[in-house]
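Scroll down for the structure; my scribbles are underneath it.
FYI, side chains are in, hydrogens and waters are out, and symmetry mates aren't considered; it's all heavy atoms of this structure. Just so it is clear, the model here is predicted, and its values are computed rather than measured.
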Amino acid sequence: MAIPISGIEYRNADNAHAWGDDETDVWIGINTLGQTPDFPRNSTQLKNFLQSIKPLGWLAEDGIPIETEIDSTDFNALQGSAVIKTKITKVTRSFQVQALEENARVTKLYWDHDTPRMVAAGEAIIDIPNTISTLNCWAVLQFVEGEYWKVYVFPSVDVTDRGTLDHSNTALSLYQMTMKIKKAGWLITNNPAYIEAVPKGQETNFDAADE
């Protein structure tokens, strides 16, 4: 027998999304000497900031999974060895990008190579280093589904693991890279579910820098 309480009125299928429409894109830039840009915190100013920066291009259909890994420790009491407290000891957040285009923006992140140089008419060269340094970058992830959009802004991420770079006639070559999120970021969205959650009286209370 069901508990005579229903949450049907609070269910909204519009809050379930399958992201990946045409305007879905990823921008990643390298921070210089640990300095990060002063990112705008609304979509209009962020769009202006990104206007002259090219995104990575076509991405693999697997999407951009964001993972959260948590380590925790249980503390037991003497009586019955009961667990009476759990403490989170480590939090690691990361996301993975699989870029399909071979361009200098992508391969710089994968190989950690220098700026391409001309070596002959119609020929460019990049030197592939013997090792790879940790690249500290910023990242903007834009997801779109119909009229809905959300943008993640991460001012500091480290490019860590790289996937296998396949060269065959049965699969597209893709550049798979894992980005570990190093600092706090934020999410900007036009989702009404978030706008409705803004406390009453604050609907028009914008920070001056965000207007």
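Here the OG-CG distance, from S173 to D166, works out to 6.0 Å after rounding to the nearest 0.5 Å. Note that OG1 of T164 is 13.0 Å distant from OH of Y175, once rounded to the nearest 0.5 Å. Between the CG atom of D112 and the CD1 atom of I30 there is a distance of 7.0 Å, given to the nearest 0.5 Å. Taking CG of D161 as the reference point, atom CE of M179 lies at 11.0 Å (rounded to 0.5 Å). Annotation: the span from F143 atom CZ to T189 atom OG1 amounts to 12.0 Å, rounded to 0.5 Å. A distance of 12.0 Å separates CG in D158 from OG1 in T178, rounded to the nearest 0.5 Å.
Side-chain contact check for K150 and Y148: no donor-acceptor pair (N or O, by modelled atom type) lies under 3.5 Å. Looking at S156 and N136, their side chains do bring a donor and an acceptor atom within 3.5 Å of each other.
D74 and K85 are not joined by a salt bridge, as no carboxylate oxygen comes within less than 4.0 angstrom of a charged side-chain nitrogen.
Counting heavy atoms of neighbouring residues, nucleotides and ligands inside a 6.0 Å radius, atom CG of N48 exceeds 12 of them. More than 12 heavy atoms of other residues, nucleotides or ligands lie within 6.0 Å of CZ in R105, so this atom counts as buried by the packing criterion. Environment of NZ in K180: sparse, with no more than 12 heavy atoms of neighbouring residues, nucleotides or ligands closer than 6.0 Å.
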Show, in sequence, the C-alpha distance, side-chain angles and deciding distance for F75 and T73, and conclude whether the side chain to side chain contact (heavy atoms under 4.5 Å, CB included) test is met. CA-CA 7 Å; F75 295 93; T73 299; 4.2 Å; yes

Stepwise, does the side chain to side chain contact (heavy atoms under 4.5 Å, CB included) test hold for C137 with V159? CA-CA 7 Å; C137 302; V159 187; 3.8 Å; yes

Does R162 form a side chain to side chain contact (heavy atoms under 4.5 Å, CB included) with Q176? I'd like the steps, not just the answer. CA-CA 6 Å; R162 275 75 161 177; Q176 177 178 302; over 6 Å; no

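Looking at heavy atoms from C-beta onward, H17 lies in side-chain contact with N191 at the 4.5 angstrom threshold. The side-chain heavy atoms of Y152 and F95, taken from C-beta on, include no pair separated by under 4.5 Å. Considering only heavy atoms from C-beta on, P155 stays 4.5 Å or farther from K183 through its side chain. Inter-residue side-chain proximity for L59 and L100 is flagged as unmet; no heavy-atom pair is nearer than 4.5 Å.
Other members of the hydrophobic cluster containing I70, listed by chain and number, are I88, V91; membership follows side-chain contacts under 4.5 Å among ILVMFWY residues, whether direct or relayed. Summarising the hydrophobic clusters (Ile, Leu, Val, Met, Phe, Trp, Tyr; side-chain heavy atoms under 4.5 Å, direct or chained), the residues clustered with L46 are W27, F39, F49, L50, I53, W138, V140, V144, W149, V151, V153, W186, I188.
For residues 44-73, no pair satisfies salt bridge (Lys or Arg N to Asp or Glu O under 4.0 Å), with sequence neighbours left out.
Side chain of Q142 to backbone of D25: no donor-acceptor contact under 3.5 angstrom is found. Panel note: side chain R93, backbone T68; no donor-acceptor pair is recorded below 3.5 Å. Under the 3.5 Å distance criterion, the side-chain polar atoms of N190 are matched with a main-chain donor or acceptor of E147. Remark: the backbone N or O of G146 is paired with a side-chain donor or acceptor of D21 at under 3.5 angstrom.
In the hydrophobic cluster analysis, where Ile, Leu, Val, Met, Phe, Trp and Tyr join through side-chain heavy atoms closer than 4.5 angstrom, L172 is grouped together with W58. Tracing side-chain contacts under 4.5 Å through hydrophobic residues (I, L, V, M, F, W, Y), one never reaches L174 starting from L141; they form parts of separate clusters. L109 and I132 are assigned to two separate hydrophobic clusters, defined by single-linkage of ILVMFWY side chains at heavy-atom distances under 4.5 Å. When hydrophobic clusters are built by joining Ile, Leu, Val, Met, Phe, Trp and Tyr residues whose side-chain heavy atoms come closer than 4.5 Å, directly or via intermediates, V106 is grouped together with I28. I126 and M177 sit in two unconnected hydrophobic clusters of ILVMFWY residues. Membership requires side-chain heavy atoms under 4.5 Å apart, directly or through other members.
Applying side-chain hydrogen bond (donor to acceptor under 3.5 Å, both in side chains) to T107 and the options H113, E102, E101 leaves one that passes, H113.
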